[in-house]
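These numbers come from a predicted model, not from an experiment. Per chain, numbering begins at 1; letters A, B, ... match sequence-line order.
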Number of protein chains: 2
Amino acid sequence: MTTTAERRGGRASERALADLREAILEGELPAGAHLGEVEIAERLGLSRTPVREALTRLASEGLVELEAHRGARVTRFSREDLDGIFDVRLALEPQATARAADHATPADLDELEALAGAMLAVGAPGPEQDLDALVDLNRDFHARLLALAHAPALAAALANVVHTPVVTRTFRTYDPDSLARSLAHHAEIVAALRAGDGDWAGAVMRCHLGNARAVMVGER
Amino acid sequence: MTTTAERRGGRASERALADLREAILEGELPAGAHLGEVEIAERLGLSRTPVREALTRLASEGLVELEAHRGARVTRFSREDLDGIFDVRLALEPQATARAADHATPADLDELEALAGAMLAVGAPGPEQDLDALVDLNRDFHARLLALAHAPALAAALANVVHTPVVTRTFRTYDPDSLARSLAHHAEIVAALRAGDGDWAGAVMRCHLGNARAVMVGER
DNA sequence: CTCCTCGATGTTGTACGCAACGTAGGGTGC
DNA sequence: GCACCCTACGTTGCGTACAACATCGAGGAG
């Protein structure tokens, strides 16, 4: 969501960026892994140039760390880092959610509700449960919500720090109760937006983040 | 303050980044100006490669916009953009200021006080007034304050969006009363921190930003 | 045996060259 | 006279080659 820089490089550069990001977020490239430019270039069938550009961007997003003449490493997120990220989210996302109430059209709300519904269906305990699908749906939901706020600076601040995917990489760490709460929050946010009550929506988002923080960061 | 990515490229790349950033913030490269890679490369006596890397980073910071096969342009900030930036600052900087109260040592406070004092001296009306020096002092003050919060994620979120220098490019737009208030706020923040009162310090920062917003954005 | 120095090796940093893409201008057809 | 197409130009995107730097290992001196 580096809005403008994202659509550079018709093909290769963008592909390298997307592939690397996915590999990191998917856990395929574990935290602390060394990323050699040639290694990645060969792996993707590209030259070093676009790979280098992709690494530069990932570094500015904070997903990798660059050390001069020593290559790049996948960033290691400590418990404190994660906690700090939740501080930022709590400072910004409720506000964004509240603003979404002023801009959301009925069509927008229908889409959000569909996502929330899908998450409830996919996340319900039982043999049909698919926690991986949940990750994508969740990402979509939050992204759309953020877009509805019509606050580009706010969205940029979040995008460049939160690494939502890192934080929301998996729902497997959620215990059943927390997961149920999380899914219910999405639906409640839509309800609040439908009611045009930004304060309510923002409050739900705060609950949502508090719940997530407890799961991911643990005891404070 | 892209902490890790900043110290890449022993010489040329970093130089290009710094020079370009300064040129943009100084107004030497006006908003909307077209930035050709070869043009900049020749101007700095470098190859296109480091220039290209610098442009990529500036784009991810939001200072320039990249259009595929069409080059880079200096970002144009609208009034709404500026307003949105202040929303982010108001959401994050008071919190950071409050946290600084927990970490600041007497030595830190002395340095902050020195900066605040220098600003009062340099900013006082009269023949000695130097509004340009004020910009650097102000940048220093806010940067140190942010560092004292010990909240890297928060600092990163701000750095990647606020472009403090863009916002604080000049104090010439301040009327005498607003300027006096602004300078007094710095001193009051130090006082609040010395008292160990994070809430107070955060409140002053909110005032500080509200005052600045009124000057820079105008009527809401 | 330990420490220091020096070389070998692999990496990143930079420069340059070619190809692809977008744009603007002139020319032609209607 | 106007609209459309086609060509020529300038730009960026990518690949490759070379140079600079950092690290690690071996060898020798103390």
> Would you mind checking if B:Arg139 and B:Asp136 are paired as a salt bridge, meaning a charged N to carboxylate O distance below 4.0 Å?
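Looking at B:Asp136 and B:Arg139, the cut-off is met.
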> Using heavy atoms to find the nearest nucleotide of DNA chain C for A:Thr49 and A:Ala72 separately, return the residue whose nucleotide is more 5′.
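Its nucleotide being nearer the 5' end, the pick is A:Ala72.
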> Could you label the plane-to-plane angle of the A:His208 and A:His142 rings as parallel, tilted or perpendicular, counting under 30° as parallel and over 60° as perpendicular?
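Parallel, since the angle between the ring planes stays under 30°.
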> Between B:Leu66 (CG) and D:dT11 (C1'), how many Å, whole number?
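Atom-to-atom, B:Leu66 to D:dT11, this comes out as 13 Å.
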> Write down the protein N/O and nucleotide N/O pairs, taken from nucleotides 21-24 of chain D, whose separation is under 3.5 Å; answer none if there are no such pairs.
from   : atom 1 : to      : atom 2 : distance (Å)
D:dC21 : OP1    : B:Arg11 : NH1    : 3.3

> How many Å lie between CG on A:Leu44 and C1' on D:dC14, as a whole number?
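Atom-to-atom, A:Leu44 to D:dC14, this comes out as 14 Å.
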> How many Å lie between CG on B:Leu55 and P on D:dT12, as a whole number?
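To the nearest whole Å, that distance equals 9 Å.
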> DNA chain D: A:Gly45 or B:Leu35, which has the more 5' nearest nucleotide?
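Here B:Leu35 is the residue nearer the 5' end.
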> If the threshold is 4.0 Å, N to carboxylate O, is there a salt bridge linking B:Arg57 and B:Glu53?
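Yes, this pair counts.
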> Under a 4.0 Å N-O cut-off, is there an ion pair linking A:Arg43 with A:Glu28?
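Salt bridge: yes.
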> Just jot down the side-chain hydrogen bond (donor to acceptor under 3.5 Å, both in side chains) partners of B:Asp110, sequence neighbours excluded, or say none.
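So B:Asp110 forms a side-chain hydrogen bond (donor to acceptor under 3.5 Å, both in side chains) with B:Arg194.
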> Output the rounded distance in Å from CD (B:Glu37) to P (D:dC14).
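Atom-to-atom, B:Glu37 to D:dC14, this comes out as 11 Å.
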